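Naming convention: chains lettered A, B, ... in sequence-line order (proteins, then strands); numbering from 1 in each chain. It should be emphasised that the depicted structure is a prediction, and the values quoted were computed from it without experimental measurement.
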There are 2 protein chains.
Amino acid sequence: MASGDTPPLALNRLSVYLRALRALQREGIERISSQRLASRFGLSAPQIRKDLAQYGEFGIRGIGYDVVSLRRRLEHVLGLDRRHAAVIVGAGNIGTALARFPGLNTGAFHIVAVFDIDPKRIGARIGDLTVRDPLELAEVVESTGADMGILAVPAEAAAENYFALVGAGVRAVLNFAPVRLEEVDGVRVKDVDLTIFLEELAHHLVSSS
Amino acid sequence: MASGDTPPLALNRLSVYLRALRALQREGIERISSQRLASRFGLSAPQIRKDLAQYGEFGIRGIGYDVVSLRRRLEHVLGLDRRHAAVIVGAGNIGTALARFPGLNTGAFHIVAVFDIDPKRIGARIGDLTVRDPLELAEVVESTGADMGILAVPAEAAAENYFALVGAGVRAVLNFAPVRLEEVDGVRVKDVDLTIFLEELAHHLVSSS
DNA sequence: GATTGTGAATAGATTCACAGCT
DNA sequence: AGCTGTGAATCTATTCACAATC
């Protein structure tokens, strides 16, 4: 039971385990061993055990793990047993797609507002949201209790809007702009850089044929 | 000069260095030392040197690196000195946003076709592309010489469409569906799993406040 | 004098192997 | 008998420090 620090690579695996457990639960499976979980989902059994043991002992020796209680425990560790409200900044292609993305409007996450600086976009509807002026950002974050921001603006506008999100009070930012932002005030930034992913694939194409 | 294997973590850093070099070139800077590159872009100088040394010696001791020639060399290593044609499978929110994404239609990459199984979407226009029936996939990949596929379909359809892309002859796949695909035939899969990113941020929100 | 390229040192992550429960 | 939890061993990645070069 040594929590507090989380090995960053292990963290993303917890999400993978959680997804697997949800699938097992839908099938009505009540118990699973690390070995069967690993072979079924292409994972490593000792790694599953080590990752899970980080957060306490909740397997049963000789038996395995209880699917439902482990799922709940992982949801708790990942902070998915509270709702997280998020605002999107940038209502271009990506911002609009994200506003409609099911994963952002089910379960623990929901989008409460979309902002764009372009007057032609302000007032437009995306699903049941209306695009707003970024001047309202701080007020909306405050009134909705949003804790996450999603940056879907061009590279050159990313830093400025990150600061605006920080100032408004969000604690975590998902950044789709192709720039590395300098973190301030412990407001975590996670970059989703499609360019880098594409270049990784391009490298594979030329280095293995 | 020991190429052939590429340390996977170093590879993504090359993309970051490349972006930095392009910025320097736009500013007209001709030479840069690992130290200044590092401090300006928040990187580690010894790591830059080690990463670059992987691909041969192309710095000048006492001086630093030549911005233009290093940029070219990185573009070559990453396979960005050829054009890569990509097809998108799935014309929902994400597929449509990607079809319009500038990073996919400039420089080394370009989108040559978008497919969707929904008859209501087939024939629709996205920019200057027309949504097509997936039955035409193999033929289009063949005739355009596409080497990459982008999967933007629901989770349950991902595996089947991955196999279709493999069968059609692409060599690399960017997967936006929230499932881990089993790689076949050396056709590289890169997962872009928004759910996992969101959960990482959610964890930060609950573990540090 | 400045800066690279690199072997040696350190830190971090994964796998192994087995003692300890059920 | 079966399976977890974990210390020890291995593998991978990063940082350091300095000889080689300009």
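For the pair A/Arg49 and C/dT15, the criterion of a side-chain N or O lying under 4.0 Å from OP1 or OP2 is not met. For D/dT4, the OP1/OP2 oxygens have a side-chain nitrogen or oxygen of A/Ser34 closer than 4.0 Å.
Going from atom CG of A/Leu37 over to atom P of D/dG2 covers 19 Å, rounded to whole Å. In this structure, A/Tyr65 places its OH atom 13 Å from C1' of C/dC21, rounding to the nearest Å.
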All N/O contacts under 3.5 Å from nucleotides 10-12 of chain C to the protein, with atom names and distances to one decimal?
none

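Using modelled atom types, one finds a donor on one side chain and an acceptor on the other under 3.5 Å when comparing A/Tyr17 with A/Asp51. Side-chain contact of B/His110 with B/Asn105: a donor-acceptor pair under 3.5 Å is absent, judged by distance alone.
When each of B/Gly59 and A/Ile63 is assigned the nucleotide of DNA chain C with its nearest heavy atom, B/Gly59 is the one assigned upstream, toward the 5' end.
Between atom CD1 of residue B/Ile150 and atom CG of residue B/Asn175 there is a gap of 11.0 Å, rounded to the nearest 0.5 Å.
Within 3.5 Å, a donor on the side chain of B/Arg61 pairs with an acceptor on the base of C/dT4, or the reverse.
With C/dA8, C/dT15, D/dA17 as the candidates, the nucleotide lying closest to the side chain of B/Lys50 is C/dA8. Side-chain proximity of A/Ser33 to D/dT15, C/dT22, D/dT4: nearest is D/dT4.
Shortest non-hydrogen contact noted between A/Ala146 and A/Val170 is O-CG1, 4.3 Å.
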